[in-house]
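Structure first, then comments.
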Amino acid sequence: MTTSQTTPTAGPTDGSATATDPRLLVRQGGFAGYAEEFRRKIRSGDLGSLPVVIGLILIAVIFQSVTGHFLQADNLTNITKWIAGYGLISVGVVFVLLLGEIDLSLGSVAGVCAAVTSVLAVRQGVNEWLAIMIALLTAAAMGALHGFFFAKIGVPAFVVTLAGMLAWSGLQDYVLGRLGTVNNINDGVVAHLDNYFLGDGDISFAWLLAVLAIGGFLAAQLLTARRRTAAGLPARPPGDIALRTGGLALVALVGAYTLNQDSGLPLPLVVLVGVVVLTDFVLRRTSYGRQIFAVGGGIEAARRAGINVAWIRISVFMISAALAGLGGLFIASQQGSADKLLGGGNVLMSAIAAAVIGGTSLFGGRGSTWSALLGMLVIQSITTGLDMVHAAQAIQYMITGAVLLAAVVLDSVSRRTQKSAGRG
């Protein structure tokens with residue numbers, strides 16, 4: 001008895017009209033294959049992060065030409081520190097948007113988390129690490145409550161989280177008490193969140209982290225290529241892996257050099273990038289992440305596939321609330337205290353805008369936690385640049401609103417184009 005081994009081919013071998021996804025053959029076509037893949041994505045409206053990257057470059061060029069010092073190391077370092085609190089909240093927003101929902105309570109949740117931490121640690125004398133853990137668990141419980149009413153009772157997420165925004169804002173005021181402000185402990189954990197990673201002025205950590213990121217990315221690419229080859233699937237050729245690794249190396253090493261021209265590696269940037277990498281892995285490489293995308297793509301289809309839709313919804317709201325709580329701690333660190341205004345103002349709107357500007361769809365089922373980082377970089381770069389030219393805050397809001405509208409329009413056009421191309 002003999003057996004035959006089949007391998008993937010570019011077309012049918014038996015004369016039948018079997019369709020082959022052209023994306024499976026891209027890596028086998030070398031540079032020409034990737035060029036064709038790029039043209040196909042443009043035609044189908046799948047632009048990815050390209051508009052955001054182009055926008056960041058244009059912002060940097062414009063403000064550098066106007067101010068002459070926008071790209072100085074100290075200014076870029078400050079930008080990477082300022083985006084941490086809002087960026088962490090925006091990562092939580094991405095999870096909710098992937099379900100096609102919205103969470104209006106995250107700013108208030110951030111404020112409650114900071115208030116609980118400060119009151120426990122400063123007024124009650126609780127160990128600060130323990131106070132932080134209690135506060136984060138409180139934030140997650142708030143998210144679970146939102147998710148329960150949404151997933152189990154059937155109350156729309158907009159209504160549930162709007163009620164949560166009002167209720168948790170009141171709780172924040174109640175916890176802080178009559179004075180309404182609690183200063184951070186000098187040299188405490190929260191106070192140090194806005195410092196530099198393992199020391200101010202030590203340049204070795206930025207270089208070390210850059211080298212580890214490059215090495216880890218290269219190892220992951222090689223391992224993935226090896227597994228796909230062993231399974232008989234198209235894999236990235238060595239030249240493609242080298243090109244991608246080289247691109248990451250350029251960004252990482254230039255970034256490390258720039259930060260080291262100031263005071264080294266900011267801790268807020270390390271935490272934000274670490275959270276983005278971890279959550280991106282969860283969304284793209286785990287069954288739980290694939291279930292989130294499935295629920296966002298179609299609830300009924302996900303339910304028929306055996307996915308526990310209610311649990312996915314509840315857990316997503318828990319994750320988003322916990323990340324908002326963590327973001328609130330970084331905001332408290334930057335402003336030196338927890339107060340009644342923390343989490344208010346434009347915090348929530350900036351977090352939502354960052355996720356959408358970065359490329360996460362408002363309609364669910366498409367996005368990445370990297371979009372939170374990219375979108376927040378866009379918003380903070382615009383804000384910083386306008387501050388440097390002494391523009392009024394009203395102008396900042398109008399420009400940010402225009403950028404957000406452009407991102408939503410681009411998302412809508414992209415979805416329509418993808419549907420017409422048979423990919424929606």
Would Ile331 and Ile89 satisfy side chain to side chain contact (heavy atoms under 4.5 Å, CB included), going step by step from the backbone distance to the final call?
-> CA-CA 10 Å; Ile331 296 175; Ile89 299 174; 4.2 Å; yes

Is there a donor-acceptor pair closer than 3.5 Å between any side-chain N or O of [X] and the backbone N or O of [Y]?
X: Lys340; Y: Leu176; answer: no
X: Ser333; Y: Val190; answer: yes
X: Glu101; Y: Ala157; answer: no
X: Gln221; Y: Ala242; answer: no
X: Thr161; Y: Asp103; answer: no
X: Asn75; Y: Leu71; answer: no
X: Thr369; Y: Val276; answer: yes
X: Ser315; Y: Trp311; answer: yes
X: Ser337; Y: Asp339; answer: no

Heavy-atom closest contact ([X] atom, [Y] atom, distance):
X: Gly188; Y: Glu128; value: CA-OE1, 3.3 Å
X: Thr258; Y: Ala73; value: O-CB, 3.3 Å
X: Ile379; Y: Ala354; value: CD1-N, 3.6 Å
X: Ala256; Y: Ala206; value: CB-O, 3.7 Å
X: Ala351; Y: Val93; value: CB-CG2, 4.1 Å
X: Gly164; Y: Ser105; value: C-CB, 3.9 Å

Please report the interatomic distance [atom1]([X]) to [atom2]([Y]), rounded to the nearest 0.5 Å.
X: Ser108; Y: Met165; atom1: OG; atom2: CE; value: 6.0 Å
X: Leu136; Y: Cys113; atom1: CG; atom2: SG; value: 4.5 Å
X: Gln380; Y: Ile59; atom1: CD; atom2: CD1; value: 11.0 Å
X: Arg285; Y: Thr224; atom1: CZ; atom2: OG1; value: 5.0 Å
X: Leu373; Y: Thr80; atom1: CG; atom2: OG1; value: 10.5 Å
X: Leu283; Y: Leu98; atom1: CG; atom2: CG; value: 6.0 Å

Step by step, would you call Leu97 with Val356 a side chain to side chain contact (heavy atoms under 4.5 Å, CB included)?
-> CA-CA 9 Å; Leu97 290 181; Val356 176; 4.1 Å; yes

So Trp168 and His146, would you call those rings parallel, tilted or perpendicular, with 30° and 60° as cut-offs?
-> tilted

With side chains defined as the heavy atoms from C-beta onward, is the minimum distance between [X] and [Y] less than 4.5 Å?
X: Ser381; Y: Leu56; answer: yes
X: Pro156; Y: Val159; answer: yes
X: Phe70; Y: Ile79; answer: yes
X: Leu265; Y: Tyr196; answer: no
X: Trp370; Y: Val277; answer: yes

Looking at Ile307, Val282, Thr286, Ile312, which one forms a side-chain contact (heavy atoms from CB on, under 4.5 Å) with Ile292?
-> Ile312

Under 3.5 Å side-chain donor-acceptor pair for Thr360 and Ser371 = yes

Would you indicate whether [X], at its atom [atom1], is surrounded by more than 12 heavy atoms from other residues, nucleotides or ligands within a distance under 6.0 Å?
X: Tyr257; atom1: OH; result: no
X: Arg123; atom1: CZ; result: yes
X: Phe63; atom1: CZ; result: yes

Test side chain to side chain contact (heavy atoms under 4.5 Å, CB included) applied to Leu267 and Phe205, step by step = CA-CA 11 Å; Leu267 177 59; Phe205 298 110; over 6 Å; no

Can you list the steps and then say if Gln172 with Leu342 is a side chain to side chain contact (heavy atoms under 4.5 Å, CB included)?
-> CA-CA 9 Å; Gln172 180 182 355; Leu342 195 155; 4.1 Å; yes

